[in-house]
Asker: 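One structure follows; several queries about it will come next.
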Amino acid sequence: MAAIATVGYTFMALESLLVIDPYVIQMQDHGSLPSVLDVHVNVTGRSSVLRKVKSRKARWSVRPSEMSNKTFNPIRAIVDNMKVKPNPNKTMIALSIGDPTVFGNLPTDPEVTQAMKDALDSGKFNGYVPSIGCLSSREEVASYYHCPEAPLEAKPEKNWEIDLKQLESLIDEKTVCLIVNNPSNPCGSVFSRRHLQKILAVAARQCVPILADEIYGDMVFSDSKFEPLATLSSNVPILSCGGLAKRWLVPGWRMGWILIHDRRDIFGNEIRDGLVKLSQRILGPCTLVQGALKSILCRTPQEFYHNTLSFLKSNADLCFGALAAIPGLRPIRPSGAMYLMVGIEMEHFPEFENDVEFTEQLVAEQSVHCLPATCFEYPNFFRVVITVPEVMMLEACSRIQEFCEQHYHCAEGSQEECDK
């Protein structure tokens, strides 16, 4: 008996055997699967003669896409290959995950959670929304970050400032943009206004746009100031990335945005259209969070931001002071975000080849997990997350000190340091 199926879309058969239009497909049923599939596409609806199609040997051959094969996460590539087991006699302290919610000591503000409850109870935010986000949500973000100067449509010893001569020497015909991460993950640095202006000068000379990762914007300590990059330039086109995850302490809500600063219309329609198409790879940002977005942006009290930064600054000072006293380590004092980078003087730890081995053994002996900076292509450092409760930070620093004391060796000719 012939099986007849009506299809509503155009399909391309594997190996380009068939192109099937939205009409009628007739398949001959022989009771068992034949070696050659008899398929006929009836375009007119009238009866027609079946014809044989190119023979295909049936076999399973399911392959990953080229995009999936080329996708690479440097952090996961290193961390997932760490087979070391923590010391079973010591409670694990994870200083490696940049998630402020892990230990429960940094909850978001009640106004933020109430805004989500109100959005849920309203019943207005349960359906699909445009992939680029609701117009009202985009307008709220634009209004929140609006300023007259930007109307909207790495050296450790120098606070991780960029070596600008090296930067400019690396720009060639393949360079499509500069990525500026400020405030910085993993460094905890905050660039000065002057340094940002020098970066913009390079971009202007080379006619290269900037992608500004400013997810930690305004998460800076009292002795520093965050300068939105777009407020410092009127001619370099800038895409500024932000979101709720860090400043509002809700990384699981997955709400972010891109602000387009392009007063000279250098991007034109092409880049804007490209951003829209990329956003359409998913069904769109969470409708529920968008429903709460206006209240989150407008009603979160300043006290919440102040308390968060005070805690982070206190933990940063505590961690920096403790690790700075340990021979063989060189912590870099952070100015913002939620991280602190620590240099390892590898010549004093000769049994370890690199920072990955150092941090692996730290887990094995002390159950303290820090992220090796090789993950960020900056070897012989490790990153500490400073969002853990103070008592855990103190304990972690104590264990790191014990670990270093057990493995520290004087470099040849450095007796003075060994006498510390």
Side-chain angles (χ1 to χ4, degrees), residues 73 75 97-102 106-109 111-116 119 125 129-147 150 152-153 177 179-191 210-220 226-231 238-261 271-272 274-276 278-302 304-305 308-309 312 336-339 376 385-387:
N73 183 322
I75 295 178
I97 304 173
D99 182 349
T101 71
V102 170
L106 285 175
T108 191
D109 189 79
E111 286 284 358
V112 177
T113 52
Q114 187 60 49
M116 282 291 285
F125 305 101
V129 293
S131 62
I132 59 174
C134 297
L135 176 61
S136 60
S137 298
R138 302 197 322 259
E139 289 176 341
E140 289 299 332
V141 172
S143 175
Y144 186 81
Y145 287 99
H146 173 81
C147 58
L152 282 174
E153 260 225 318
C177 74
I179 300 177
V180 180
N181 176 212
N182 179 61
S184 170
N185 171 16
C187 304
S189 58
V190 180
F191 290 155
I210 291 179
L211 178 63
D213 180 353
E214 298 178 331
I215 189 67
Y216 292 97
D218 294 316
M219 291 188 72
V220 299
F226 168 62
E227 301 273 4
L229 195 60
T231 64
I238 297 170
L239 299 179
S240 175
C241 304
L244 294 181
K246 305 299 183 175
R247 193 182 184 204
W248 284 268
L249 306 177
V250 286
W253 291 10
R254 317 309 290 165
M255 174 59 64
W257 45 77
I258 296 176
L259 310 178
I260 302 174
H261 303 272
I271 297 301
R272 290 169 173 81
L275 289 170
V276 171
L278 286 174
S279 73
Q280 291 169 343
R281 294 181 69 88
I282 60 174
L283 290 178
C286 178
T287 308
L288 191 60
V289 183
Q290 289 189 75
L293 191 56
K294 180 178 181 178
S295 294
I296 292 172
L297 294 177
C298 299
R299 289 168 42 186
T300 302
Q302 288 299 315
F304 166 73
Y305 305 127
T308 301
L309 290 175
L312 294 174
M338 51 181 65
Y339 311 99
F376 308 103
V385 175
I386 57 176
T387 59

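Here the structure is a predicted model, which is why all the values come from computation and not from measurement.
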Asker: Does Pro301 reach the side chain of Glu111, with side-chain heavy atoms less than 4.5 Å apart?
Answerer: yes
Asker: What salt bridge (Lys or Arg N to Asp or Glu O under 4.0 Å) pairs are there with at least one residue in residues 249-260, not counting sequence neighbours?
Answerer: none
Asker: For a quick test of reading the model, state the closest non-hydrogen atom pair linking Leu244 to Val250 and the distance between them.
Answerer: O-CG2, 3.7 Å
Asker: Quick one: does Asn181's side chain have a donor or acceptor within less than 3.5 Å of a partner on Pro183's backbone?
Answerer: yes
Asker: Search all heavy atoms of Val385 against all heavy atoms of Gly98 and return the closest pair with its distance.
Answerer: CG2-N, 4.0 Å
Asker: Please find the pair of heavy atoms, one from Ala230 and one from Ile238, that lie closest to each other, and give the distance.
Answerer: CA-CD1, 3.7 Å
Asker: Could you report the tightest heavy-atom contact between Asn182 and Glu227, atom names first, then the distance?
Answerer: ND2-O, 4.4 Å
Asker: Which residues satisfy the salt bridge (charged side-chain N to carboxylate O under 4.0 Å, His left out) test with Arg138, sequence neighbours excluded?
Answerer: none
Asker: Give the minimum heavy-atom separation between Ala115 and Ile296, together with the two atoms involved.
Answerer: CB-CG1, 3.9 Å
Asker: Heavy atoms only: give me the nearest Leu309-Val220 pair and the separation to one decimal.
Answerer: CD1-O, 3.4 Å
Asker: To the nearest 0.5 Å, how far apart are OG1 in Thr308 and CG in Leu106?
Answerer: 6.0 Å
Asker: Under a 3.5 Å distance rule, please check whether Gln290 uses its side chain to pair with a backbone N or O of Pro285 as donor and acceptor.
Answerer: yes
Asker: So which pairs with a foot in residues 239-251 pass salt bridge (Lys or Arg N to Asp or Glu O under 4.0 Å), sequence neighbours left out?
Answerer: Asp218-Arg247
Asker: May I ask you to check whether Tyr339 and Tyr216 place their ring centres under 6.0 Å from each other?
Answerer: yes
Asker: Take Trp253 and Met116 through the side chain to side chain contact (heavy atoms under 4.5 Å, CB included) test and state the conclusion after the steps.
Answerer: CA-CA 10 Å; Trp253 291 10; Met116 282 291 285; 3.1 Å; yes
Asker: Could you tell me if the side chain of Val141 sits less than 4.5 Å from the side chain of Leu259, heavy atoms only?
Answerer: yes
Asker: Can any side-chain N or O of Ser143 pair as donor or acceptor with the backbone N or O of Glu139 at less than 3.5 Å?
Answerer: no
Asker: Apply side chain to side chain contact (heavy atoms under 4.5 Å, CB included) to the pair Phe191 and Val180, showing each step before the final yes or no.
Answerer: CA-CA 10 Å; Phe191 290 155; Val180 180; 4.3 Å; yes
Asker: Indicate yes or no for a side-chain donor-acceptor contact from Glu214 to the backbone of Leu229 under 3.5 Å, with no hydrogens or angles considered.
Answerer: yes
Asker: Keeping Thr108 on the side-chain end and Trp248 on the backbone end, is there a donor-acceptor pair under 3.5 Å?
Answerer: yes
Asker: Taking Glu140 for its side chain and Leu297 for its backbone only, find out whether a donor-acceptor pair lies under 3.5 Å.
Answerer: no
Asker: For the residue pair Leu275 and Leu239, establish whether any side-chain heavy-atom pair is separated by less than 4.5 Å.
Answerer: yes
Asker: Got a second to check how far Ile258's CD1 is from Leu211's CG, nearest 0.5 Å?
Answerer: 7.0 Å
Asker: Could you check Ser240 against His261 for side chain to side chain contact (heavy atoms under 4.5 Å, CB included), going step by step and ending with a plain yes or no?
Answerer: CA-CA 8 Å; Ser240 175; His261 303 272; 4.0 Å; yes
Asker: Show the numbers, then the answer: is there a side chain to side chain contact (heavy atoms under 4.5 Å, CB included) between Cys241 and Ile215?
Answerer: CA-CA 6 Å; Cys241 304; Ile215 189 67; over 6 Å; no
